[in-house]
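Heads up, the thing below is written out as structure tokens.
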Amino acid sequence: MAEPISLIKKRVLSEEELKQQSLNQLKDSVAEHEQAIDKAIDVLNELYGSGILEATESLLKAKAKVAEIALHQAKRPEVTNIINNGIAAAGALSAISPEQTTKMFSGIAKGLEEARKPQEKKLTVFSLMGALNDPDVNRAIGFGLQFLKGLGKELGK
């Protein structure tokens, strides 16, 4: 009867064998992904030719200095105000329906288009009074008055 195995020897690869194994894996990977590697090289060549690669390299080398400058700039009160105003504006816009916003901007565009037309007659108090009879003018003035009323209520809080 055979003797039981009591010792298993693990084969330890030498440093040279490990390097050779890594090279073989790399060769296999290059052969498998040849088209992707060619494309990556083309992209790198374009980046190098345009100077973007060099700029990116310089930026990465100076990352601590760049981060310090960016942080200093972000701490400025003006930048903080911009961020806070942007958040507030986004909050206010989210309370308005997209249909209302579209209608408002369309009205503004049409108003600007009408305002560009040359005025033929002199504007008088009587012509202003007569303009109130125009349904479009009356609607816009009514809208403006309601807008001012809502604005005033909010400002009074």
Side-chain angles (χ1 to χ4, degrees), residues 18-157:
L18 285 173
K19 285 181 183 178
Q20 189 60 43
Q21 189 178 19
S22 291
L23 281 173
N24 289 337
Q25 287 174 349
L26 186 60
K27 280 187 216 175
D28 292 344
S29 183
V30 166
E32 189 176 324
H33 303 290
E34 181 182 357
Q35 287 180 330
I37 291 171
D38 285 343
K39 288 280 184 195
I41 289 171
D42 289 345
V43 168
L44 284 173
N45 279 331
E46 287 296 321
L47 291 172
Y48 178 76
S50 66
I52 294 173
L53 193 60
E54 186 177 340
T56 305
E57 180 186 17
S58 298
L59 187 64
L60 288 172
K61 285 180 180 176
K63 63 185 171 238
K65 185 87 171 152
V66 170
E68 181 184 333
I69 292 169
L71 188 59
H72 177 71
Q73 291 298 317
K75 284 181 175 180
R76 291 181 25 230
E78 299 86 8
V79 175
T80 306
N81 287 345
I82 288 172
I83 292 169
N84 289 337
N85 287 335
I87 292 169
L93 283 174
S94 69
I96 301 171
S97 74
E99 294 82 23
Q100 278 181 306
T101 307
T102 301
K103 193 172 187 178
M104 175 65 69
F105 282 122
S106 295
I108 290 170
K110 185 66 174 171
L112 289 172
E113 184 180 313
E114 290 290 324
R116 273 192 240 125
K117 293 180 181 176
Q119 295 244 334
E120 296 157 7
K121 297 185 216 171
K122 183 179 177 186
L123 192 61
T124 65
V125 173
F126 291 116
S127 64
L128 283 174
M129 298 295 275
L132 288 174
N133 291 328
D134 182 332
D136 294 330
V137 172
N138 196 290
R139 189 178 308 112
I141 290 175
F143 175 83
L145 290 174
Q146 292 293 15
F147 171 79
L148 290 172
K149 184 174 184 179
L151 177 63
K153 281 182 183 178
E154 214 35 53
L155 291 174
K157 289 183 181 177

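Numbering of residues begins at 1 and proceeds along the displayed sequence. Values reported hereafter were calculated over all heavy atoms of this structure, with side chains retained and with hydrogens, waters and symmetry mates removed.
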Completion exercise
For residues 126-135, the side-chain hydrogen bond (donor to acceptor under 3.5 Å, both in side chains) pairs (sequence neighbours left out) are Thr124-Ser127

Completion exercise
Quick note, side-chain hydrogen bond (donor to acceptor under 3.5 Å, both in side chains) partners involving residues 27-49, not counting sequence neighbours, are none

Name the atoms and distances for all side-chain donor-acceptor pairs under 3.5 Å in residues 147-157, with sequence neighbours left out.
| residue | atom | partner | partner atom | Å |
| --- | --- | --- | --- | --- |
| Glu154 | OE1 | Lys157 | NZ | 3.1 |

Exercise for the section: May I ask you to say whether Glu114 pairs ionically with Lys117, meaning some side-chain N is under 4.0 Å from a carboxylate O? Expected result: yes

Handout entry: Over 12 foreign heavy atoms within 6.0 Å of CD, Gln73
Key = yes

Completion exercise
Contacts of Lys103 meeting side-chain contact (heavy atoms from CB on, under 4.5 Å) (sequence neighbours excluded), chain-then-number -> none

Problem - Residues in side-chain contact (heavy atoms from CB on, under 4.5 Å) contact with Leu60, at least two apart in sequence or another chain - result: Thr56

Completion exercise
When rounded to the nearest 0.5 Å, the distance separating CD1 of Ile96 from CG of Leu93 is 5.5 Å

Handout entry: Gap between atom CD of Gln20 and atom CG of Leu18 - 0.5 Å precision
Key = 11.0 Å

Handout entry: Heavy-atom closest pair, residues Val30 and Ile37
Key = CA-CD1, 3.8 Å

Fill in the blank from the handout: Shortest non-hydrogen pair, Ile141 vs Leu132, comes out as CD1-CD2, 3.5 Å

Completion exercise
Here the salt bridge (Lys or Arg N to Asp or Glu O under 4.0 Å) pairs for residues 55-78, sequence neighbours left out, are Glu57-Lys61, Arg76-Glu78

